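Working notes, beginning with the structure itself.
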Amino acid sequence: MADRSATPQSQPTVHGYPRQGPGRELKKAVEGYWAGRTSAADLHSTAAGLRRDAWQQLADAGIREVPTGSFSLYDHVLDAAVMVGAIPERHRAAVHADQLDGYFAMARGTEDAAPLEMTKWFDTNYHYLVPELRPDTVFTATSRGPVEECREAVALGHSVRPVLVGPVTFLLLAKAAPGVADGFEPITLVDRLLPVYAEILSDLRAAGADWVQLDEPALVQDQTPAVLNTAARVYRELGALTDRPKLLVASYFDRLGEALPVLAHAPVDGLALDFTGPAAANLADLAAAGGLPGKRLIAGVVDGRNVWINDLERSLSTLATLLGLADRVDVAPSCSLLHVPLDAAVERDVDPQVARWLAFARQKTAETVTLATALTRGADAVAPQLAASRAALASRSASALTRDPAVRARCAAVTPEQARRPEPYAERTSAQRARLGLPPLPTTTIGSFPQTTELRTARADLRAGRIDGAAYDERIAAEIREVIAFQEKAGLDVLVHGEPERNDMVQYFAEQLTGYLATRHGWVQSYGTRYVRPPILAGDVSRPEPMTVRWTSYAQSLTDRPVKGMLTGPVTMLAWSFVRDDQPLADTARQVALALRDEVTDLEAAGTAVIQVDEPALRETLPLRSADRSSYLAWATEAFRLATSGVRAETQIHTHMCYAEFGAILAAIDDLDADVISLEAARSHMQIADELATAGYPREVGPGVYDIHSPRIPAEREITDLIDRALRTVPADRLWINPDCGLKTRTAAEVRPALENLVAAARRIRN
Ligand code: GLN
Ligand code: ZN
């Protein structure tokens, strides 16, 4: 037993760590297992090796209490569902036959059982599987996974803090199983769920856990008093258990607000709070609530979601304030490090001047340790680290990359008129109709056509030097010729070039804009075995050269029908990148908007009559707390209008959004002032068309009539039904006919007949 004086006052810790391993070993192992190349035993041993290495890395860095349970073969919410036995009827046989295969069946579906639905984990780019519950769901401790993992770490000599999705968040994230009557709220099952948590908590304690962390990020969202009461009751009951470890309730991504006093007064032993970004408000709220006397506080002062070095001195001053508010203050990143890449030190291509501003999971762990050391032994004990941090921050704010005078002057000079199209919509629409001469119910697509293996091979060949730029360009040109020829033959009215030159709708532009960096190894988990490498928006943004004019003009040269220009909007350019944290998002969005405005006007000058600016991320970036939403929507819609308002009346601006649930942002959709908007609607049976009509949406809309997420080819009849459905609320002279989203993930064999049916359906209704 260590004596008291040897126990530091403040410990560094983390809530979770990247799962994939330095070379994305987990992805390879899981996909190898799915493909039948490796056995379940191989998969389990690779996974155990990755956990062992991650824990060791944390321990070597100075983390004395390592998290277990934050690792997952696919998704931690799915793990929680299996842990408590929330297994949909349709997957039960598979799970009973083989727990691993059953687990993957829930994640990915099988021939005859659909997978769980997938959705975004709060406002991050991580996606979790949505547990399905029914009024008669019976919970049982089904998987011993969390307990085994705890034992595994203890056996390796670590002191552990198992991390579980908390019961309130689990129920709030769950949805009613298909077929359950409306009105069922999973949170009403709480009394049946708690005994299972109690059992697992007791098992974890027996396995060697002094502390267990229950993650309750759902409590940073606006919740009703009834939910807050439930949360209070849950933690009163769990706190009253006699055979339990110490309980730490963690929240992150925003402030706890009205849930803070609830948790602060609960009979649990500690809280983990986020003190970064909008969650910094937790500091004042905690003081107002009287602090956490007698409790442990884990202070999330290192932003766990961005890739930037911490301002150590500022964090230390936050921590100094917190010292007076809790019994013990430990230091951590704000949330699991799952959301950042593993190690900035392996990025050899990044300019060393910029590389020193970067902190990925490993570097954030080291910062956390530095801060805890400073708290325990005084700032002098970490003087070299503080000096290095100060110097790096100073170099960042003085750098030509982050301070481009031309960009800054242009942003400062933006006038409200620039973010408004000069002519009212009525005037624009008649000018556009006269110019385009489209039939009623015009048909179009959302932009991309199938990304064929040949295209991917061509890109790989170009990168590897097997073909030169000219040969690559010829392959792109050939693809565009084919896509245009098909669309003409199929009879579409507004054509696209098919985006064959784009690897990704954000990366393609990031590579051409000044201010963005690319990483080589900066992978983060998007869902399951899908990892993405988001670009890093590090500096002031400008557009040195036109980005899309060449291929758009080439496509237009092949046809008399209008070809739509295709761009990614400013909000999406931010949302799917790691964005600089040294200025407000609104300022960064304005810079991107101006760069896009240059592109829009160049496209117009090149003769493009229709320009689409995609904003699929507008809805998903909505702040978690409703109080923060109006200011977000104000700058977000202004950025879109700034990008698109530099054109003449007869140039038609389209936008596109997907991922449903537009209800919360109907006013913002109107505020974009786009001439035409296309939206995902096929699966929700045109619900959005009704919502827009009810809201009095005045411009043209294309609610999707072809669900591109499914390989199914919709019959003409199905499409005419959906068009008829839309026509009940959208006037015929304002309705466009298009698929739900881009076609890049589909095959040509699926897309071609589907589009032919779409055109046939539109023609039938026109007649
Ligand atoms: N224009 C893009 C495409 O068709 C839009 C993609 C999206 O909405 N996510 O691929
Ligand atoms: Zn889309």
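Numbering of residues begins at 1 and proceeds along the displayed sequence. The shown structure was predicted, so the numbers you read here are calculated from the model rather than taken from an experiment. As the structure lists them, so they are numbered: ligands from 1, and atoms in each ligand from 1.
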Discussion item. Restricting to under 2.8 Å, identify the protein N, O or S atoms around the Zn ion (ligand 2) as residue plus atom.
Written reply: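 Result, waters dropped: His656 NE2, Cys658 SG, Cys741 SG.
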Discussion item. Which label fits Phe449 and Phe486: parallel for a plane angle under 30°, tilted from 30 to 60°, or perpendicular past 60°?
Written reply: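 Plane angle over 60°, so perpendicular.
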Worksheet item: Do the ring planes of His339 and Phe253 sit parallel (below 30°), tilted (30 to 60°) or perpendicular (above 60°)?
Response: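 If you compare the ring of His339 with that of Phe253, the planes turn out perpendicular.
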Worksheet item: Does Glu499 have any salt bridge (Lys or Arg N to Asp or Glu O under 4.0 Å) partners at least two apart in sequence or in another chain, and if so, which?
Response: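 In terms of salt bridge (Lys or Arg N to Asp or Glu O under 4.0 Å), with neighbours along the sequence ignored, Glu499 is linked to no residue.
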Fill in: Option from Thr445, Ile737, Val751 for which side-chain contact (heavy atoms from CB on, under 4.5 Å) with Tyr706 holds
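It is Val751, the one option of Thr445, Ile737, Val751 that forms the side-chain contact (heavy atoms from CB on, under 4.5 Å) with Tyr706.
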Discussion item. If the threshold is 4.0 Å, N to carboxylate O, is there a salt bridge linking Arg433 and Glu700?
Written reply: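 Here Arg433 pairs with Glu700 in a salt bridge, since their nearest N and O are under 4.0 Å apart.
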Worksheet item: In chain order, what residues pass the side-chain hydrogen bond (donor to acceptor under 3.5 Å, both in side chains) check against Arg456, with sequence neighbours excluded?
Response: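 Per chain and number, Arg456 pairs via side-chain hydrogen bond (donor to acceptor under 3.5 Å, both in side chains) with no residue.
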Discussion item. Determine whether a donor-acceptor pair (N or O, by modelled atom type, separation under 3.5 Å) exists between the side chain of Asp675 and the backbone of His654.
Written reply: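 Absent.
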Discussion item. To check you understand the geometry: which heavy-atom pair defines the closest contact between Pro535 and Trp576, and what is its length?
Written reply: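 So the minimum-distance heavy-atom pair works out to CD-O, 3.6 Å.
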Practice prompt. Might you list the protein residues in contact with ligand 1, defined as having a heavy atom under 4.0 Å from one of its atoms, sorted by chain and number?
Written response: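 For ligand 1, the contacting residues are Ile446, Gly447, Ser448, Glu499, Met505, Met566, Asp614, Pro616, His656, Cys658, Cys741, Gly742, Lys744.
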Practice prompt. Test Arg305 against every option in Asp123, Thr124, Asn125 by the side chain to side chain donor-acceptor pair (under 3.5 Å) rule and name the one that passes.
Written response: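 So, applying the side chain to side chain donor-acceptor pair (under 3.5 Å) to Arg305 and each of Asp123, Thr124, Asn125, only Asp123 qualifies.
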